[in-house]
Amino acid sequence: MGMTACKMNSKKTISFFQHVYDLVQSIPAGKVTTYRHIAHTMNTKDARRVGHALHANSDSDKTPCHRVVFADGRLAPGYVFGGPNEQMRRLQLEGVECIDGRINLKKYLYIPKN
DNA sequence: ATGCTGACCGAGC
DNA sequence: CGCTCGGCCAGCA
């Protein structure tokens with residue numbers, strides 16, 4: 001019975017962001033998920049807002065947003081901690097193959113659960 | 001209030 | 001497979 005968004009919190013933007021961060025933190029090392037899957041888990045179609053939330057992420061240790069990629073496996077062009085190159089480096093450090101700026105989702109996709 | 005933008009996505013060509 | 005285009009909708013000037 002996951003409710004869409006916690007209405008109990010007064011700041012809804014924060015709770016949406018926090019929900020995104022929670023899901024991102026649930027991605028195991030060596031796996032990735034997509035904006036689309038996160039949005040879907042949160043019962044919305046707005047993958048852009050998920051991206052927006054991650055853009056505002058300030059702690060890449062706590063919230064490993066390098067494990068979030070496009071629905072087709074491409075890396076985020078606007079990755080804020082050093083660009084796609086840095087995102088690729090971090091993924092490869094975890095054993096995620098990145099071929100031509102792209103991840104094989106058949107192999108590495110993790111679907112976050114509510 | 002209103003118009004523009006974006007760490008997106010899927011359809012169409 | 002790749003590029004373009006429209007839709008999506010919250011945030012912000």
Side-chain angles (χ1 to χ4, degrees):
Chain A
M1 331 287 338
M3 39 172 83
T4 310
C6 308
K7 292 177 182 167
M8 24 195 164
N9 284 339
S10 39
K11 326 233 168 167
K12 59 184 175 191
T13 47
I14 302 243
S15 67
F16 183 93
F17 279 30
Q18 193 56 56
H19 195 169
V20 172
Y21 297 157
D22 287 345
L23 293 179
V24 171
Q25 285 165 27
S26 77
I27 309 168
K31 289 286 183 180
V32 301
T33 195
T34 72
Y35 299 97
R36 190 73 181 119
H37 281 93
I38 292 174
H40 193 266
T41 297
M42 293 177 67
N43 220 19
T44 174
K45 294 174 184 173
D46 197 359
R48 275 188 160 171
R49 191 140 84 110
V50 175
H52 201 177
L54 291 185
H55 187 68
N57 176 31
S58 58
D59 189 345
S60 64
D61 287 315
K62 188 175 176 188
T63 306
C65 54
H66 63 279
R67 296 182 190 142
V68 184
V69 300
F70 279 18
D72 63 1
R74 280 175 306 152
L75 302 187
Y79 182 74
V80 294
F81 300 102
N85 229 34
E86 173 63 14
Q87 183 180 15
M88 172 162 63
R89 195 185 67 78
R90 294 190 187 199
L91 287 171
Q92 288 178 334
L93 241 46
E94 301 177 348
V96 176
E97 289 177 289
C98 187
I99 294 156
D100 206 17
R102 205 172 263 218
I103 305 297
N104 182 354
L105 291 178
K106 302 272 190 204
K107 192 167 177 184
Y108 297 107
L109 177 65
Y110 166 80
I111 300 176
K113 292 172 273 301
N114 237 330

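All figures in this text were calculated on a predicted structure; none of them were measured in a lab. Naming: A, B, ... by sequence-line order, numbering from 1 per chain.
- Within residues 88-106 of chain A, no residue approaches DNA chain B, by heavy-atom distance under 4.0 Å.
- The side chain to side chain contact (heavy atoms under 4.5 Å, CB included) search around A:Asp61 returns A:Asp59, not counting sequence neighbours.
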Counting primed atoms, P, OP1 and OP2 as sugar-phosphate and everything else as base, the B/S/- map of nucleotides 6-13 of chain B against protein heavy atoms under 4.0 Å is BBBSS---

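- Taking the six-membered ring for Trp and thresholds of 30 and 60 degrees, A:Phe17 and A:Tyr21 have ring planes more than 60 degrees apart, a perpendicular arrangement.
- The side chain to side chain contact (heavy atoms under 4.5 Å, CB included) test applied to A:Gln92 returns A:Met88, A:Cys98, not counting sequence neighbours.
- A:Val69 is listed as a side-chain neighbour of A:Leu105, based on a closest heavy-atom distance under 4.5 Å.
- For A:His37, the side chain to side chain contact (heavy atoms under 4.5 Å, CB included) partners are A:Thr33, A:Thr34, A:Leu109, A:Ile111, A:Pro112, not counting sequence neighbours.
- For A:Ala29, the side chain to side chain contact (heavy atoms under 4.5 Å, CB included) partners at least two apart in sequence or on another chain are A:Arg67, A:Glu94.
- Atom-to-atom distance recorded for A:Lys31:NZ and A:Lys107:NZ is 9.5 Å, nearest 0.5 angstrom.
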